[in-house]
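Here is how names work: the chains are called A, B, and so on, in the same order as the sequence lines, proteins then strands, and each is numbered from 1.
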Protein chains: 2
Amino acid sequence: METILSKSPLFAGLKEEQIENLFAKIVFQTRKYDKGDLIASGGDECRSLMIVVKGSVKGEMVDYSGRVLKIEDIPAPRPLAVAFLFGKNNRFPVTISANESTELLIIPKQSVVFLMQTSETFLTNFMNAVSNRAQFISGKLRFLSFKTLKGKLAHYLMELDRQQKQTGEIQLMRTQEELAELFGVARPSLSRTLRDFHHQGLIKASGRKIKILNREGLLEDAFD
Amino acid sequence: METILSKSPLFAGLKEEQIENLFAKIVFQTRKYDKGDLIASGGDECRSLMIVVKGSVKGEMVDYSGRVLKIEDIPAPRPLAVAFLFGKNNRFPVTISANESTELLIIPKQSVVFLMQTSETFLTNFMNAVSNRAQFISGKLRFLSFKTLKGKLAHYLMELDRQQKQTGEIQLMRTQEELAELFGVARPSLSRTLRDFHHQGLIKASGRKIKILNREGLLEDAFD
DNA sequence: TCTCAAATGTAACAATTGTTACAAAACAAG
DNA sequence: CTTGTTTTGTAACAATTGTTACATTTGAGA
């Protein structure tokens with residue numbers, strides 16, 4: 001357990017022994033979930049910090065009609081709900097469920113406060129984690145603020161390329177189905193837009209390998 | 001100055017005298033802006049905490065084609081950029097400009113760290129502020145995740161009603177132009193949707209007074 | 001290799017939203 | 001009250017995206 005935790009962003013910089021000492025002084029529990037199990041519903045009060053110690057979970061926003069916008073996957077050993085433990089509105093913004101057989105470490109808010117007071121490293125880690133969450137969500141927001149599908153797709157492709165060393169050759173890591181869910185659009189719409197880019201000679205798409213042929217043209221076609 | 005700051009969420013719980021003492025030990029500056037002045041561009045590095053001490057600023061996301069999604073107004077004495085000072089990606093997610101004649105207090109990151117180490121109150125205030133930011137942005141994200149305009153509008157109206165004591169009588173505080181910007185849609189589209197709701201007898205709209213006549217019907221029509 | 005399930009391509013049509021342009025109404029200032 | 005400006009209502013049409021349905025391709029196992 002401590003081995004996993006020492007790799008978690010919240011406990012980075014602490015030795016396993018130190019982590020062990022800290023945990024000897026606080027209340028916590030672990031809980032197991034099977035694939036598909038509901039962990040928390042959007043709107044639920046958030047009273048504890050949770051850390052994925054095995055498996056992975058996903059967070060999704062669901063609207064009244066049941067439509068889903070996938071926000072992210074959180075694999076071990078990452079924490080979850082860091083940004084919703086403090087502040088005025090302690091509610092999960094997303095519905096969280098298990099992607100697979102998963103184990104969570106659950107630490108009540110009070111114990112988190114204790115950890116922050118006891119370990120300066122934990123405190124700064126926690127502060128950074130909350131900031132990172134805000135930044136991640138901002139990125140999502142920015143992404144959704146692109147109003148056209150072309151815009152989202154162009155931005156996504158170029159962002160992926162930037163992450164994958166700017167070679168212009170992109171390897172998609174998701175199915176179109178998943179991408180469409182991420183973009184909040186229908187799958188055939190995504191497929192169509194991909195094809196349009198291809199037919200305009202802006203990209204070369206074959207299966208999940210995509211090559212950006214014309215960056216400027218892509219931006220130009222997507223925006224304005 | 002200290003009088004204003006004592007009302008700021010970051011310095012809440014501190015007496016003016018305490019604030020004065022803290023500021024005697026740190027580096028800071030104030031800067032003035034005229035209406036419309038650019039304060040920071042989206043993507044700029046964020047090295048300092050800023051607090052609006054006079055006037056107000058607005059934050060907007062701008063995409064490549066120049067389309068704008070307004071995120072929020074920040075009036076005095078609120079801080080800005082709290083969630084982007086720490087964490088991995090210290091960049092403004094939004095473009096910030098002055099709504100009117102405005103004065104900002106600018107505190108470099110290092111001094112912020114000093115404040116956190118010196119004043120426990122400031123530390124917890126700061127932590128709460130960052131969490132609140134994450135929660136605010138999540139709310140925005142949730143709002144944008146409603147895919148149809150009907151959905152956004154219905155949600156917005158019912159949320160406003162909740163804030164305004166559930167009377168069913170809503171007083172819009174913004175022009176349709178501003179609302180459309182907030183929703184990320186074209187103004188005539190918003191007007192049309194409002195009229196549709198009206199014609200269906202779900203609401204009664206006269207100018208900026210709106211009466212919700214049929215909550216269930218509203219949700220049903222908006223989210224099928 | 002063969003088979004089946006999953007993923008992708010595609011088309012026709014519906015629904016929603018954007019664009020543009022102009023008229024009517026509301027509002028503020030003189 | 002009058003005038004000029006801002007806001008709102010509205011219509012016609014364009015553009016985008018959703019929906020549904022089916023064909024085709026791909027990929028993992030048997």
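Look at CG on B:L149: it is 9 Å from C1' on C:dT16, rounded to the nearest Å. What separates CG of A:L179 from C1' of C:dT8 is a distance of 12 Å, to the nearest Å. Going from atom CG of B:L153 over to atom P of C:dT16 covers 14 Å, rounded to whole Å. Note: CG (A:L190) to P (D:dT19) measures 14 Å, nearest angstrom. Rounded to a whole Å, the CZ atom of B:R208 is 14 Å from the P atom of D:dT6. The separation between B:E181 atom CD and D:dT7 atom C1' is 15 Å, rounded to whole Å. Rounded to whole Å, the distance from NZ on A:K147 to P on D:dT16 is 15 Å. The separation between B:F146 atom CZ and C:dT16 atom C1' is 18 Å, rounded to whole Å.
Considering CZ of A:R215 and CD1 of A:I203, their distance stands at 12.5 Å, rounded to 0.5 Å.
Residue-level contact check: B:R174 touches neither bases nor backbone, having no heavy atom under 4.0 Å from any strand. Using a 4.0 Å heavy-atom distance criterion, A:T148 is classed as a sugar-phosphate-only contact. Note on B:R195: only backbone sugar-phosphate atoms sit closer than 4.0 angstrom, heavy atoms only; bases stay farther off. At the heavy-atom level, B:S189 lies under 4.0 Å from base atoms of the strands shown. Residue contacts for B:S191: at a heavy-atom cut-off of 4.0 Å it reaches a base atom on one of the strands shown.
Contact between the side-chain N/O atoms of B:Q176 and the OP1/OP2 oxygens of D:dG9 is found at a separation under 4.0 Å.
Taking the side chain of B:T175 as heavy atoms from C-beta on, and the options C:dT8, D:dT20, D:dT7, the nearest nucleotide is D:dT7.
Atom CD of B:E220 has 12 or fewer heavy atoms from other residues, nucleotides or ligands within 6.0 Å.
For the pair B:R187 and B:R192, nearest-nucleotide mapping onto DNA chain D gives the more 5' position to B:R187.
Ring centers of B:F11 and B:F126: at least 6.0 Å apart, outside the cut-off.
B:L38 and B:S41 get closest at one heavy-atom pair: CD2-OG, 3.5 Å.
A donor-acceptor pair under 3.5 Å is absent between the side-chain atoms of A:D34 and the main chain of A:D37, judged by distance alone.
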